[in-house]
Protein chains: 2
Amino acid sequence: MNRLESLESFVAVVESGQFTIAADRLGIGKSVISRRVSELEEHLGALLLHRTTRTLSLTDAGREFYPRAVQLLEDLDEAEQSVSRSQQDLSGRLRLAAPLSFGLFHLSNALNGFSNLHPRVVLDIDLNDSEVDLVQEGIDLALRIGDLDNSTMVARPLAPINFVLCASPEYLQRMGTPHTAEDLSGHRGLCYSNLPEPQKWPFIDPAGRAQTIRIPLQMQANNGQLLLDAASAGQGICLSPTFIAYQAILDGRLKPILTDHHIPPVTAYAVYPNRRFIPQRVRALADYLRQQFGDHPYWDDGLAHVIS
Amino acid sequence: MNRLESLESFVAVVESGQFTIAADRLGIGKSVISRRVSELEEHLGALLLHRTTRTLSLTDAGREFYPRAVQLLEDLDEAEQSVSRSQQDLSGRLRLAAPLSFGLFHLSNALNGFSNLHPRVVLDIDLNDSEVDLVQEGIDLALRIGDLDNSTMVARPLAPINFVLCASPEYLQRMGTPHTAEDLSGHRGLCYSNLPEPQKWPFIDPAGRAQTIRIPLQMQANNGQLLLDAASAGQGICLSPTFIAYQAILDGRLKPILTDHHIPPVTAYAVYPNRRFIPQRVRALADYLRQQFGDHPYWDDGLAHVIS
DNA sequence: AACACTATTGCATTATTAGCAACAATAGAC
DNA sequence: GTCTATTGTTGCTAATAATGCAATAGTGTT
């Protein structure tokens, strides 16, 4: 018995849901599939698939075995590729997690570029603002913004994330333009709810003193884009990362305020599990993103005067 | 070509250093080995072994490929075993790391017991007081004493680690027995150097006040057993984990002092990488150790009056 | 109850693999 | 320098295993 071919057959059956389709996909006869799966089951001493002639379903053992089989086949390909003659030509699946807004604004372009460079790498993108467990979810690489839980993950800085305080010109005319951090307490805050203290905004004033201002809450959301749209509509003042706000600022839809105050920047990292064997495509993507963004990302290009 | 058998053959050759021995080990002819390795090389498009008729050596590609091949074969066995009929009968290699002293004193017995329970599990034990990188070293499970770097590792408490202050009766007669923590400043400290501040010993006095005493340094070592021997020889006072000191105390070679002071205990943990698939033997060993030690480990049995 | 479609099984054919033995190559002994 | 023992490779044949086809049995649907 060829254990590997049995594994392949089993995986193909699970993924297609039918012996017949699996056989077509692998380009062999369905009888072969049938026999291989049977052999595998016999070898394991456990039934993997409940099968009547018309319906297939995984047994408990099969449910447990399937993801491991998939992983195994991927690992094998990975290992072979790592020493293969065509090292340049990366391939395989790459599961990527990133925050929603950043993903939509800046990752999609970068990923398209990467995909063109390495067309045989299949990208599986999970945009999600809540921190998922990379290991459990089988994520190869995550883009994380801000402080990291000091973990055994490998973290490579990709770009600085600067912040800017802004509001619509109309709002500022109506409500007045604040000139000190204290002035903010009379304004309407559009606050990002995924922070421990959404209403507390940190500044370093022109004299170099750090201060934290609590701004009245007008609207709260877990999405920066939505807050920015609210600010554009004159709903209030928004503390936004430049990677979201830059376009609206350059357009004139939003006006940066308190630009003589410094807002502590954070860093965007590429984070990946410290596995024993890190797939080359993961390294390649991290490299590529670093190169795309870097210490002076393009979205900050027109904002030099704003981010001090 | 059977990729798996090729892998097996390659691994066997690397491990035995000879095609002939590898063939014997696998119970097949050496010509088969030769052909399989050749096929594998052709498949990969890279030479794995430099071979003259008398000497074998790995190429760079081979050196890279070998550990991955080993891992792969282990993973496959692991996956198959996880659903195999003989789930009870664990097997495979289990790499364990533990602090030196604890390993010698209490792990060896426990491991022998485990080994009897699961004779087909091969234990590979690394006693080492410096924290190694579990992932890089391929450690399946580590026993760690004290606070953990909050990491993505899974940590399961195994036992409380209590401390006791002690010295030889002869020493105490000669130098006087301290009755308060302050008294220690006139004594000779035998200090464990693997701590950030070896000479600072923490106490909670009978009144419940926490205090930290800096004790004069007489001897410093990175091994608790050695310090304890020094204490037995009357060299000074030693702050020792009970798992090291218990025997000497029960023997009367050492006398606990300041027993009305409480020394904050720490915890021994079983730590393992949060891999996607945690081998059953790892879980089993962690369970077994927990059961062997537990909240009231045997080494504290005769010391109830000491550890308050 | 008949139908359509499924997985399984038996069997002849085909392809692959193993083992043996001969061969070539090399390190070490003398 | 030559000889020898041993190693990896290769050619060939026998044995083995895998494949595809067709027939079979089972199941959900109409």
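Per chain, numbering begins at 1; letters A, B, ... match sequence-line order. Reckoned from all heavy atoms, side chains included, excluding hydrogens, waters and symmetry mates.
In this entry the distance linking CD of B:Glu5 with C1' of C:dT16 reads 11 Å, nearest Å. The interatomic distance linking A:Asn2 (CG) with C:dA18 (P) rounds to 11 Å, in whole Å. Put simply, CG on B:Asp24 is 13 Å from C1' on D:dT7, counting in whole angstrom units. For B:Glu8 and C:dA18, the CD to C1' distance is 16 Å, given to the nearest whole Å. If you measure from atom CG of B:Leu47 to atom C1' of D:dG8, you get 14 Å, rounded to the nearest angstrom. The interatomic distance linking B:Lys30 (NZ) with D:dT9 (C1') rounds to 9 Å, in whole Å. The CD1 atom of B:Ile21 sits 7 Å away from the P atom of D:dT7 (whole-angstrom rounding). Spacing between atom CG of A:Leu56 and atom C1' of D:dG26 amounts to 13 Å, rounded to whole angstrom units.
Distance check, rounded to the nearest 0.5 Å: CZ of A:Phe114 to CG of A:Leu90 gives 6.0 Å.
Among D:dT9, C:dA18, C:dT8, the nucleotide with an atom closest to any side-chain atom of A:Phe19 is C:dT8. Checked against D:dT19, D:dC12, D:dG28, the side chain of A:Val32 finds its nearest nucleotide in D:dT19. Relative to the side chain of B:Ser34, the nucleotides C:dG19, D:dT7, D:dT10 differ in distance, and D:dT10 lies closest. For B:Gln18, whose side chain is taken as the heavy atoms from C-beta onward, the closest listed nucleotide among C:dA27, D:dG8, D:dG28 is D:dG8.
A:Ile28 comes within 4.0 angstrom of sugar-phosphate atoms only, judged by non-hydrogen atoms across all strands, and of no base. Across all strands, A:Ser31 comes closer than 4.0 Å to base atoms (heavy-atom distances). Within 4.0 Å (heavy atoms only), A:Thr20 reaches sugar-phosphate atoms of the nucleic acid but no base atom.
Between A:Thr52 and B:Ile33, the residue anchored nearer the 5' end of DNA chain D, judged by the nucleotide with its closest heavy atom, is B:Ile33. With DNA chain D read from its 5' end, the first of the two nearest nucleotides for B:Arg51 and A:Arg36 is the one closest to B:Arg51.
The side-chain heavy atoms of B:Asp124 and B:Leu96, taken from C-beta on, include no pair separated by under 4.5 Å. Two residues are said to be in side-chain contact when any heavy atoms from C-beta on lie closer than 4.5 Å; B:Ser108 and B:Leu111 fail this criterion.
At least one donor-acceptor pair under 3.5 Å links the side chain of B:Glu41 to the backbone N or O of B:Leu48.
If you check distances only, the side chain of B:Arg35 does reach the base of D:dG11 with a donor-acceptor pair under 3.5 Å.
The aromatic rings of B:His106 and B:Phe293 lie perpendicular to each other, with more than 60° between the two planes, well past the 30° mark.
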